[in-house]
Peer 1: 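Sharing a structure with you now.
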Amino acid sequence: MLLRRGVVALLTLSVLAGCGDDATPQPFVPSAAVSQGRQVDGGAAGLQDKSAPAAPAQGAKDKATAFVQKQSGTFGIIVRDRQTGQTWSAGDTKATTWTASTIKLAIATDLLERQQAKEITLASADKANLDKALINSDNDAATALWNKYDGPNMLDRFKSAYGMGGLKVISGYETFWRNLECSAEDLQNLMSYVLEKLDPTSRTYLVTTLRKVASNQRWGVWAAGSALKPGNKDGWAEKPVDGKNVWVTHTVGFAGDGERYVVAAMYEQKPGGTLEKGAHAVSDAVATYFGAKVPAPVTLP
């Protein structure tokens with residue numbers, strides 16, 4: 001499915017300045033100013049990290065690349081250093097597959113932005129559902145928010161504002177949050193948007209919440225190690241691809257002082273794979289890149 005559904009077109013690297021209310025939203029592109037360690041729109045809070053550990057060495061990156069290339073199925077991982085602007089990737093970061101629960105981060109971002117703009121008012125029950133969806137990956141909580149706040153109309157904003165150009169509904173399925181596909185690059189753009197464009201209050205909520213995920217999500221980006229203070233939203237599910245069920249295990253988040261590194265990985269195994277194999281694979285890829293313990297400690301969902 002990944003390659004057969006087509007390769008996501010490269011996003012146009014443009015930023016729309018001074019637009020009126022009627023202007024067409026442009027896909028988010030991480031700002032060069034933020035990449036150089038300067039604050040833009042309040043989005044790079046805490047990025048000044050003079051005491052932070054040195055960036056991963058080339059040897060660690062090469063080992064991570066080799067590890068990804070050995071995995072069966074389709075694996076794509078991307079790490080963006082917001083301080084230097086450099087990006088490392090391995091595998092196919094443009095290939096699309098079922099998003100699983102990673103899309104809950106986009107739903108939360110959309111609702112927080114709409115509340116900030118006074119378009120909606122999140123009730124206490126809604127806020128509780130946000131916590132459940134992000135911390136526990138609660139599907140019922142995500143569905144309640146999707147149904148109450150016009151989930152299908154969120155998709156255009158995910159694509160036009162958050163840079164998720166490859167996002168679409170799985171062919172043959174209804175428009176529902178559990179029936180979407182995207183790429184690792186789409187998830188990286190989403191996480192970069194949260195860190196660099198979201199208003200400070202909403203950003204702080206998401207950063208804090210992703211750092212306290214439940215034990216069933218302490219894998220993937222979490223494997224960067226506690227010293228880098230990671231936060232993540234993982235996604236895992238067994239889904240049909242070409243008539244056969246396969247496991248997908250994904251992770252998106254950040255690591256490092258000031259949330260220096262944006263990390264996104266998507267892994268679709270071939271038939272016969274397992275949740276355990278997938279969760280360990282994305283975790284070990286992250287751990288290898290950051291020089292953390294391998295095999296990475298993993299608590300399975």
Peer 1: State plainly whether one hydrophobic cluster holds both Ile120 and Trp146, where clusters connect Ile, Leu, Val, Met, Phe, Trp and Tyr through side-chain heavy atoms under 4.5 angstrom apart.
Peer 2: yes
Peer 1: Taking C-beta and beyond as the side chain, do Leu210 and Leu105 meet within less than 4.5 Å on heavy atoms?
Peer 2: yes
Peer 1: Drop me the distance from Asn139's CG to Arg178's CZ, to the nearest 0.5 angstrom.
Peer 2: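 One gets 4.0 Å once the value is rounded to the nearest 0.5 Å.
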Peer 1: Testing the 3.5 Å rule here: is there a donor-acceptor pair between the side chains of Gln188 and Ser192?
Peer 2: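 Their side chains do contain a donor-acceptor pair, which is all the 3.5 Å distance test asks for.
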Peer 1: If you count the non-hydrogen atoms of other residues, nucleotides and ligands that lie under 6.0 Å from NZ in Lys61, is the total more than 12?
Peer 2: yes
Peer 1: Kindly state whether the ring of Tyr173 and the ring of Trp98 have centres lying under 6.0 angstrom apart.
Peer 2: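 Yes: the rings meet the under 6.0 Å criterion.
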Peer 1: Quick check: is Val213 connected to Val207 through a chain of hydrophobic side chains (ILVMFWY, heavy atoms under 4.5 Å apart)?
Peer 2: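 Not linked; separate clusters.
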Peer 1: Nearest 0.5 angstrom please: Arg218 CZ to Leu300 CG, how far?
Peer 2: 14.0 Å
Peer 1: Between Arg114 (side chain) and Tyr149 (backbone), is there a donor-acceptor pair under 3.5 Å?
Peer 2: yes
Peer 1: Cut-off 3.5 Å, side chains only: do Ser101 and Trp177 have a donor facing an acceptor?
Peer 2: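 Distance-only check fails for Ser101 and Trp177.
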Peer 1: Flag the pair Thr84 / Arg260 as yes when at least one side-chain heavy-atom distance between them is below 4.5 Å, and no otherwise.
Peer 2: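 Yes, close enough: below the 4.5 Å cut-off.
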Peer 1: Can you list the steps and then say if Ser202 with Glu113 is a side-chain contact (heavy atoms from CB on, under 4.5 Å)?
Peer 2: CA-CA 7 Å; Ser202 299; Glu113 279 203 306; over 6 Å; no
Peer 1: Looking at Ala133 and Lys104, what are the two nearest heavy atoms and their distance?
Peer 2: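 That closest heavy-atom pairing would be O-CD, 3.5 Å.
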Peer 1: Does Phe254 belong to the same Ile/Leu/Val/Met/Phe/Trp/Tyr cluster as Leu134, with side-chain heavy atoms less than 4.5 Å apart forming each link?
Peer 2: yes
Peer 1: I want to check something: taking the side chain as every heavy atom from C-beta on, are Lys168 and Lys159 in contact at a cut-off of under 4.5 Å?
Peer 2: no
Peer 1: Working note: Glu185 + Ile78, criterion side-chain contact (heavy atoms from CB on, under 4.5 Å); need CA distance, chi angles, decisive distance, verdict.
Peer 2: CA-CA 7 Å; Glu185 290 194 2; Ile78 183 168; 4.3 Å; yes
Peer 1: Report the residues that fulfil ring pair (Phe, Tyr, Trp, His ring centres under 6.0 Å) with Phe290, sequence neighbours left out, ordered by chain and then residue number.
Peer 2: Tyr261
Peer 1: In the structure I gave you, are the side-chain heavy atoms of Phe75 and Glu268 within less than 4.5 Å of one another anywhere?
Peer 2: no
Peer 1: Leu155 versus Leu167: any side-chain heavy-atom pair under 4.5 Å?
Peer 2: yes
Peer 1: Determine whether Tyr267 and Val294 fall in the same hydrophobic cluster, where Ile, Leu, Val, Met, Phe, Trp and Tyr are linked whenever their side-chain heavy atoms lie under 4.5 Å apart.
Peer 2: no
Peer 1: Are side-chain heavy atoms of Tyr205 and Leu130 found at a separation under 4.5 Å?
Peer 2: yes
Peer 1: Can you check salt bridge (charged side-chain N to carboxylate O under 4.0 Å, His left out) on Lys127 and Asp131, steps first, answer last?
Peer 2: CA-CA 6 Å; Lys127 295 176 182 177; Asp131 282 352; over 6 Å; no
Peer 1: Does anything in residues 205-217 form a salt bridge (Lys or Arg N to Asp or Glu O under 4.0 Å)? List the pairs, not counting sequence neighbours.
Peer 2: Arg211-Glu259
Peer 1: Are Val248 and Met266 packed together at the side-chain level, in the sense that at least one heavy-atom pair is separated by less than 4.5 angstrom?
Peer 2: no
Peer 1: Passes side-chain contact (heavy atoms from CB on, under 4.5 Å), Thr109 versus Tyr193? Steps please.
Peer 2: CA-CA 9 Å; Thr109 302; Tyr193 183 94; 4.3 Å; yes
Peer 1: If hydrophobic clusters are built from ILVMFWY residues whose side chains come within less than 4.5 Å, do Phe158 and Val262 share one?
Peer 2: yes
Peer 1: Rounded to the nearest 0.5 Å, what separation is found between the OG atom of Ser89 and the CD1 atom of Ile77?
Peer 2: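 One finds 9.5 Å between OG of Ser89 and CD1 of Ile77.
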Peer 1: Using the side-chain hydrogen bond (donor to acceptor under 3.5 Å, both in side chains) rule, take Thr97 and Glu181 through it: C-alpha gap first, then chi angles, then the decisive distance, then the call.
Peer 2: CA-CA 5 Å; Thr97 187; Glu181 64 178 308; over 6 Å; no
Peer 1: Could you tell me the separation between the CG atom of Asn216 and the OG1 atom of Thr299, rounded to the nearest 0.5 Å?
Peer 2: 9.0 Å
Peer 1: Indicate the atoms forming the closest heavy-atom contact of Asp81 with Ala55, along with that distance.
Peer 2: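 In terms of heavy atoms, the two residues are closest at OD2-CB, 4.3 Å.
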Peer 1: Is the closest side-chain heavy-atom distance between Asn232 and Val263 below 4.5 Å?
Peer 2: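 Heavy-atom side-chain distance check fails, nothing below 4.5 Å.
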Peer 1: Take Leu111 and Asp126 through the side-chain contact (heavy atoms from CB on, under 4.5 Å) test and state the conclusion after the steps.
Peer 2: CA-CA 10 Å; Leu111 295 180; Asp126 300 326; over 6 Å; no
Peer 1: What is the distance from atom CG of Leu206 to atom CE of Met191, rounded to the nearest 0.5 Å?
Peer 2: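 That separation rounds to 7.0 Å.
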Peer 1: Without hydrogens or angle criteria, can the side chains of Asn189 and Asp186 be said to hold a donor-acceptor pair below 3.5 Å?
Peer 2: no
Peer 1: Could you tell me which non-hydrogen atom of Ala144 sits nearest to which non-hydrogen atom of Asn129, and how far apart they are?
Peer 2: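 Closest approach of Ala144 to Asn129: CB-ND2, 3.8 Å.
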Peer 1: Nearest 0.5 Å please: distance from the CG atom of Asp140 over to the CG atom of Leu145.
Peer 2: 11.0 Å
Peer 1: For a quick test of reading the model, state the closest non-hydrogen atom pair linking Lys233 to Ser137 and the distance between them.
Peer 2: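 Closest pair (atom of Lys233, atom of Ser137, distance): NZ-OG, 2.9 Å.
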Peer 1: Where the side chain of Thr249 meets the backbone of Gly278, is there a donor-acceptor pair that is under 3.5 Å apart?
Peer 2: yes
Peer 1: Looking only at heavy atoms, which two atoms of Arg82 and Gly258 are closest? And how far apart?
Peer 2: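 Nearest heavy atoms, Arg82 then Gly258: NH2-O, 2.8 Å.
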Peer 1: Would you say the side-chain atoms of Gln217 pair up with the backbone N or O of Asp234, donor to acceptor, closer than 3.5 Å?
Peer 2: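 Yes, Gln217 side chain to Asp234 backbone: donor-acceptor pair under 3.5 Å.
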Peer 1: Closest heavy-atom contact between Ala95 and Thr74?
Peer 2: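 Smallest interatomic distance, heavy atoms only, reads CB-CG2, 3.9 Å.
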